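In what follows, a structure is listed as structure tokens, so that the remarks can point back to it.
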Amino acid sequence: MVDVRQVDLDVVVIGGANTDYLIRGAVLPKPGSTVDGQEFQEGPGGKGANQAVGAARLGARVAFLGKVGTDARGKALLERLGAEGVEASAALREADAPTGVALVMVDAEGEKQIMTAPGANHRLSADEVARASELIARARVVLLQLELPLPAVEAAARLGRAAGATVVLDPAPARELPEELLRDVHVIRPNAAEAEVLTGVRVDDAASAKRAGENLLRRGAGAAIVGAPGGNLLLSPEAELWLPQLEVRVVDATGAGDAFAAALAVCLARGEGLLHAARFANVAAAMKTTKLGAQAGLPRREEVEQLARSSRAR
Ligand code: RIB
């Protein structure tokens with residue numbers, strides 16, 4: 001069958017945008033305590049916006065659909081997307097809710113804790129997504145996360161799949177998902193904690209990651225890449241591959257999942273196979289962890305290729 005769609009975008013990201021306020025210190029505070037940190041960074045974030053920027057930095061043609069407030073922070077986030085080469089003209093502004101905010105804390109090992117106030121992100125409706133069906137139909141890959149209301153995510157996945165795009169879901173923040181949504185997803189990429197919420201399987205090694213992946217495939221996902229301590233397990237009807245985590249000096253794990261999802265989407269949009277895409281994404285995620293800040297630390301293609309070469313040579 002001849003594809004008559006006008007496919008001029010590699011990736012369309014439908015997701016959340018936040019302003020991130022990040023503090024890095026020696027240790028994360030325990031509940032009920034206060035600790036001093038050392039570094040502060042204010043910058044653009046949100047999983048959707050991060051993944052859009054991540055894909056653009058890897059050389060893809062990218063568009064973003066989401067919702068920010070009519071406040072100055074919302075304006076700044078959309079301008080930042082434009083400056084990164086992301087087409088954001090379809091993004092919406094909400095007068096009755098503030099732009100999303102995330103408070104990010106990072107310790108000396110790079111481990112992070114995040115709490116968000118979703119604000120305008122939670123005002124994007126399924127109808128508003130449906131009105132962007134022409135934009136979605138221009139994509140080779142539709143890239144989704146869970147920072148929007150579930151009906152908006154479901155509408156995006158349905159429209160993406162119906163238009164012939166590859167639908168990739170980063171199921172973060174974690175929540176249970178209906179099988180109707182999983183059936184529209186070609187590749188799902190949960191980390192260990194998200195996989196446990198989705199499947200009830202406690203993921204602590206490659207074997208348990210495989211069990212979680214099998215559960216997701218049984219319930220309709222086309223393929224799963226499940227994060228586990230020490231690596232990622234790729235599972236599809238054709239393949240099973242363990243991708244060990246690369247050894248790097250970890251500064252900040254925030255946004256590593258975004259770097260992974262973005263790189264995966266870019267490779268799939270280029271027509272590369274899932275195994276190659278997952279390998280490249282694994283390197284992109286490791287590269288991200290060497291820098292501070294979710295969006296600020298997302299790598300460019302040359303950096304990912306350089307790390308891939310040096311880790312092969314080791
Ligand atoms: O994945 C990292 C992102 O999660 C941060 O940028 C923060 O905004 C939250 O959405």
Side-chain angles (χ1 to χ4, degrees), residues 13-24 28 39-58 64-69 71 73-74 76-78 80-81 84 86 88 91 97-107 110-124 143-150 152-153 168-175 188-195 197 225 227 232 250-265 281 284-299:
V13 181
I14 299 148
N18 294 328
T19 311
D20 285 3
Y21 297 98
L22 180 153
I23 299 178
R24 182 164 190 260
L28 298 173
E39 266 178 277
F40 171 70
Q41 191 186 81
E42 175 181 346
K47 296 179 196 303
N50 293 347
Q51 292 178 22
V53 168
R57 287 191 189 167
L58 294 172
F64 171 81
L65 171 63
K67 209 175 220 191
V68 296
D71 44 28
R73 292 188 298 103
L77 291 183
L78 297 186
R80 189 67 236 149
L81 285 170
E84 293 278 355
V86 174
T99 295
V101 174
L103 301 182
V104 183
M105 290 178 287
V106 182
D107 73 12
E111 190 51 89
K112 49 102 175 24
Q113 258 177 18
I114 305 178
M115 185 180 273
T116 67
N121 292 310
H122 275 194
R123 300 293 184 92
L124 190 76
L143 179 53
L144 306 169
Q145 318 76 32
L146 299 176
E147 287 187 332
L148 302 176
L150 193 59
V153 178
V168 176
L169 174 64
D170 172 12
R175 56 169 295 166
I188 188 166
R189 199 278 161 183
N191 67 19
E194 291 148 9
V197 173
I225 305 173
N232 285 282
V250 178
V251 172
D252 176 11
T254 319
D258 298 331
F260 192 105
L264 186 74
M287 188 64 219
K288 160 63 212 54
T289 65
T290 64
K291 293 188 190 164
L292 190 69
Q295 204 173 107
L298 290 166

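Ligands are counted one by one from 1 in listed order, and the atoms in each one are counted from 1 as well. What you are looking at is a predicted structure, and each value in this text was computed from that prediction instead of being measured.
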Inset, instruction - Return yes when Gly257 approaches ligand 1 closer than 4.0 angstrom through a heavy atom, no otherwise. - result: no

Inset, instruction - May I ask you to decide if Gln295's main-chain N or O and Asp258's side chain share a donor-acceptor pair within less than 3.5 Å? - result: no

Legend entry - Donor-acceptor under 3.5 Å (Asp252 side chain, Thr254 main chain): yes

Legend entry - ligand 1 N/O within reach of Asn50 N/O, cut-off under 3.5 Å: yes

Legend entry - For atom 2 (C) of ligand 1, the protein heavy atom that lies nearest, with its residue and separation: Asp258 OD2, 3.3 Å

Legend entry - Numbered atoms and elements of ligand 1 in range of Gly45, under 4.0 angstrom, heavy atoms: 6 (O), 8 (O)

Legend entry - Nearest-neighbour protein heavy atom for atom 9 (C) of ligand 1, which is reported as residue plus atom name and distance: Glu147 OE2, 3.5 Å

Inset, instruction - Using modelled atom types only, decide if a donor and an acceptor are shared between the side chain of Lys288 and the backbone of Gly293 within a distance under 3.5 Å. - result: yes

Inset, instruction - Answer yes or no: is there a donor N or O on one side and an acceptor on the other, between the side chain of Thr289 and the main chain of Ala253, under 3.5 Å? - result: no

Legend entry - Val104, portion touching ligand 1 at heavy-atom distance under 4.0 Å: neither

Inset, instruction - Taking only heavy atoms of Ala102 into account, list the atoms of ligand 1 that are under 4.0 Å away from them. - result: 7 (C), 8 (O)

Inset, instruction - Answer yes or no: does an N/O atom from Thr254 fall short of 3.5 Å to an N/O atom of ligand 1? - result: no

Legend entry - Test item: Glu147 side-chain N/O and Lys47 main-chain N/O as donor-acceptor pair under 3.5 Å: yes

Legend entry - Donor-acceptor under 3.5 Å (Arg123 side chain, Lys67 main chain): no

Legend entry - Arg80 side-chain N/O to Gly43 backbone N/O, donor-acceptor pair under 3.5 Å: no

Legend entry - Contact atoms of ligand 1, heavy-atom distance to Ala294 under 4.0 Å: 6 (O)

Legend entry - Region of Gln295 engaging ligand 1 - heavy atom pairs below 4.0 Å: neither

Legend entry - Heteroatom proximity flag, Gly46 to ligand 1, N/O under 3.5 Å: yes

Inset, instruction - Report the member of Thr116, Asp170, Asp20 with the shortest heavy-atom distance to atom 6 (O) of ligand 1. - result: Asp20

Inset, instruction - For Asn18, counting its heavy atoms only, list the atoms of ligand 1 lying under 4.0 Å from any of them. - result: 7 (C), 8 (O), 9 (C), 10 (O)

Legend entry - For atom 4 (O) of ligand 1, the protein heavy atom that lies nearest, with its residue and separation: Lys47 NZ, 3.1 Å

Inset, instruction - Would you check if the side chain of Asn121 reaches a backbone N or O of Ala17 as a donor-acceptor pair within less than 3.5 Å? - result: yes

Inset, instruction - Look at the side chain of Arg73 and the backbone N and O of Gly100, then say whether any donor-acceptor pair between them is shorter than 3.5 Å. - result: yes

